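Input: a single structure, listed below in structure tokens.
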Amino acid sequence: MSKVALITGITGQDGSYLAELLLGKGYHVHGVVRRASTFNTGRLDAIYQDPHDAHRRLFLHHGDLHDASALVGLMARVKPDEVYHLGAQSHVRVSFDQPSYTGDITGLGTTRLLEAIRSAGIDTRFYQASSSEMFGAAAPPQSEETPFQPQSPYGAAKVYAFWVAKNYREAYGMFAVNGILFNHESPRRGETFVTRKVTRAVARIKAGRQEHLYLGNLDAIRDWGYAPEYVAAMWRMLQIDQPDDYVVATGTAWSVRDFVRLAFTHAGLDWERHVRYDPSYERPAEVDALVGDPTKAGAVLGWKPEVLIDDLVRIMVDADIEQLGDELAGRLVRMDRQHG
């Protein structure tokens with residue numbers, strides 16, 4: 001029989017790529033989706049399966065990390081072999097505006113999910129999506145041995161989730177791992193995250209639909225990788241014999257300014273003509289440099305990144321240029337029909 005996986009946050013960037021990966025490996029995939037008045041499953045369009053299809057392998061369930069009893073019931077019904085916990089309030093800047101909500105969903109939500117697994121009495125392997133933001137002010141490069149020094153409510157909530165996953169591993173013998181993923185991007189990245197904000201702006205400026213791009217700290221240094229490769233590392237962590245914690249990163253350091261320059265240059269634009277500074281995008285407590293050391297992931301999991309920043313920027317800019325072109329073409333077709 002094929003394995004069964006459950007993914008929280010399946011509608012996000014990582015969740016959608018992970019669902020594709022697992023379906024390709026023959027899994028039955030169950031995803032937790034928050035109820036909304038508008039469709040929020042756009043990233044799953046390519047793999048969506050009609051609920052009336054008796055042979056479907058993708059199942060979506062309404063749920064929320066607030067609701068502990070519903071999580072227990074879901075675990076008892078689905079009985080997953082693997083649980084990938086990706087759901088969170090994951091925007092660092094927003095966490096300063098909504099610290100209590102971030103702590104509840106990103107931190108306590110992990111406890112509710114782990115307790116749901118324990119209460120349902122199922123034997124499953126658990127992946128916790130930890131974050132490089134847990135390192136915060138710690139000097140790079142950061143590895144599994146680097147002490148956490150979070151500089152945001154999001155980073156602090158992720159530290160809590162890291163330790164509670166480790167506690168359930170040690171207290172209850174649960175197969176629980178923490179994947180400490182550094183920044184990983186793709187054309188599916190949310191439009192309010194800085195990399196996607198940049199590549200969307202490049203597409204719009206090139207098409208004459210926008211003149212300026214407003215950004216905060218251009219000197220922040222990050223380690224950027226490609227999201228589809230990072231979800232493959234998640235899967236590898238749950239296939240080994242013993243649970244452990246791993247940093248997943250490229251080991252390369254680039255500033256936000258570097259990312260901006262590469263994106264505009266790829267589109268044949270001069271970034272300095274279009275980029276403007278807006279202090280409202282600065283964090284109250286800045287994280288200067290996050291650069292990961294993926295040595296352990298390479299040695300134990302056999303994982304290594306292939307797509308580095310030049311290719312990553314190219315992939316994202318080209319995708320946003322194509323998407324904008326399709327949107328503008330569709331708009332012209334609709335206008336022609338209205339006035340035809």
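Keep in mind that what you see is a predicted model, and the values were worked out from it rather than measured.
Atom NE2 of H30 sits about 11.5 Å away from atom CG of L22, to the nearest 0.5 Å. A distance of 10.0 Å separates CE of M237 from OH of Y84, quoted to the nearest 0.5 Å. To the nearest 0.5 Å, atom NZ of residue K206 and atom CD1 of residue I321 are 6.0 Å apart. Residue T102 holds its OG1 atom at 11.5 Å from CG of L108, rounded to the nearest 0.5 Å. The distance from atom OG1 of T199 to atom CD1 of I315, rounded to the nearest 0.5 Å, is 11.5 Å. Here the CZ atom belonging to R196 is positioned 6.5 Å from the CE atom belonging to M316, to the nearest 0.5 angstrom.
Checked against ring-ring contact (aromatic ring centres under 6.0 Å, His included), Y172 has the following partners two or more places apart in sequence or in another chain: Y168. Every residue two or more places apart in sequence or in another chain was checked for a side-chain hydrogen bond (donor to acceptor under 3.5 Å, both in side chains) with D288, and none qualifies. Listed by chain and number, the residues in a side-chain hydrogen bond (donor to acceptor under 3.5 Å, both in side chains) with D104 are H66, R112 (sequence neighbours excluded). With sequence neighbours excluded, the residues forming a side-chain hydrogen bond (donor to acceptor under 3.5 Å, both in side chains) with E282 are Y277, listed by chain and number. Judged as a side-chain hydrogen bond (donor to acceptor under 3.5 Å, both in side chains), and not counting sequence neighbours, R57 has no contacts.
Proximity of K79 to V4: side-chain heavy atoms (C-beta onward) are nowhere separated by under 4.5 Å. Residues V300 and D244 are not in side-chain contact: their nearest non-hydrogen atoms beyond the backbone lie 4.5 Å or more apart. Side-chain atoms of T252 and I309, non-hydrogen and from C-beta on, never get closer than 4.5 Å to each other. Proximity of D310 to R314: side-chain heavy atoms (C-beta onward) are nowhere separated by under 4.5 Å. Counting heavy atoms from C-beta on, the side chains of V256 and N217 never come closer than 4.5 Å. The closest side-chain heavy-atom distance from Q142 to I180 is not below 4.5 Å. In this structure, H266 and D318 have side chains that are in contact, with non-hydrogen atoms separated by less than 4.5 Å. Between M234 and L21, every side-chain heavy-atom pair lies at or beyond the 4.5 Å cut-off.
Taking each heavy atom of I117 and M174 in turn, the nearest pair found is CG2-CE, 3.9 Å. The shortest heavy-atom contact between A176 and A165 is CB-O, 3.6 Å. E286 and R222 make their closest contact through OE2-NH2, 3.9 Å (heavy atoms, listed as atom of the first residue, atom of the second, distance). Among all heavy-atom pairs drawn from W224 and T250, the shortest one is O-CG2, 3.5 Å. Here the closest heavy-atom approach between residue D241 and residue F175 is recorded as O-CE1, 3.6 Å. When every heavy atom of I47 is checked against every heavy atom of L58, the shortest pair comes out as O-CD2, 3.4 Å.
Between H85 and F126, the two ring planes are tilted [angle within 30° to 60°]. Using cut-offs of 30° and 60° for the angle between ring planes, the H274 and H212 rings count as tilted.
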task: Could you check N183 against S132 for side chain to side chain contact (heavy atoms under 4.5 Å, CB included), going step by step and ending with a plain yes or no?
output: CA-CA 7 Å; N183 294 63; S132 61; 3.8 Å; yes
- request: Start with the C-alpha distance between K197 and L213, add both sets of side-chain angles, then the distance that settles side chain to side chain contact (heavy atoms under 4.5 Å, CB included), and finish with yes or no.
  value: CA-CA 8 Å; K197 183 178 177 180; L213 166 64; 4.0 Å; yes
- request: Take F148 and F135 through the test ring-ring contact (aromatic ring centres under 6.0 Å, His included) and record every step on the way to the result.
  value: CA-CA 4 Å; F148 299 137; F135 294 120; 5.4 Å; yes
- request: Please lay out, stage by stage, how S16 and L44 fare under the test side chain to side chain contact (heavy atoms under 4.5 Å, CB included).
  value: CA-CA 6 Å; S16 63; L44 303 177; 3.8 Å; yes
task: Test side chain to side chain contact (heavy atoms under 4.5 Å, CB included) on Y281 and R93 and set out the steps.
output: CA-CA 8 Å; Y281 293 121; R93 181 62 189 82; over 6 Å; no
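With hydrogens and angles disregarded, a donor-acceptor distance shorter than 3.5 Å links the side chain of R236 to the backbone of G302. Distance alone, capped at 3.5 Å, places no donor-acceptor pair between the N178 side chain and the D245 backbone. Judged by distance alone, with hydrogens and angles left aside, the side-chain atoms of K3 form no donor-acceptor pair with the main-chain N or O of D81 at under 3.5 Å. Put simply, the side chain of T124 gets close to the backbone of P80: a donor and an acceptor are under 3.5 Å apart. Of the possible donor and acceptor atoms, one in the side chain of E144 sits under 3.5 Å from a partner among the backbone N and O of V247. Using modelled atom types, no side-chain atom of Q128 and backbone atom of K166 make a donor-acceptor pair closer than 3.5 Å. Side-chain atoms of R125 come within 3.5 Å of backbone N or O of L238 as a donor-acceptor pair. Using a distance-only test at 3.5 Å, with no hydrogens or angles considered, a donor-acceptor pair links the side chain of S95 to the main chain of V92. Side chain of T8 to backbone of L86: a donor-acceptor contact under 3.5 angstrom is found. With hydrogens and angles ignored, the 3.5 Å screen pairs no side-chain donor or acceptor of D278 with any backbone N or O of Y214.
The number of heavy-atom neighbours closer than 6.0 Å to CG of D123, taken from other residues, nucleotides and ligands shown, is 12 or below. Environment of CZ in R34: sparse, with no more than 12 heavy atoms of neighbouring residues, nucleotides or ligands closer than 6.0 Å. R273 CZ: 12 or fewer foreign heavy atoms inside a 6.0 Å radius. Summarising the local packing, CD of E145 is surrounded by 12 or fewer heavy atoms from other residues, nucleotides or ligands at distances under 6.0 Å.
The ring of F259 has its center no closer than 6.0 angstrom to the ring center of W271.
Note: the hydrophobic cluster containing L218 also contains I205 (ILVMFWY, side chain heavy atoms under 4.5 Å, direct or indirect links). Using a 4.5 Å cut-off between side-chain heavy atoms of Ile, Leu, Val, Met, Phe, Trp and Tyr, with links allowed through other members, L114 and L65 fall into the same hydrophobic cluster.
Salt-bridge formation is not detected for the pair R209/E327: no Lys NZ or Arg NE/NH1/NH2 atom is positioned less than 4.0 Å from an Asp or Glu carboxylate oxygen. Taking the charged nitrogens against the carboxylate oxygens, E20 and R188 do have a contact shorter than 4.0 Å, which makes a salt bridge. Ion pairing between R204 and D320 fails under the 4.0 Å rule for side-chain N and carboxylate O.
With 3.5 Å as the limit, one finds no donor-acceptor pair spanning the side chains of D293 and S143. Inspection of the T106 and Q89 side chains reveals no N or O donor paired with an N or O acceptor under 3.5 Å.
Among residue pairs with one or both ends in residues 152-163, those qualifying as side-chain hydrogen bond (donor to acceptor under 3.5 Å, both in side chains) are T111-Y160; sequence neighbours excluded.
A ring-ring contact (aromatic ring centres under 6.0 Å, His included) with H184 holds for exactly one of F193, Y226, Y230; it is Y230.
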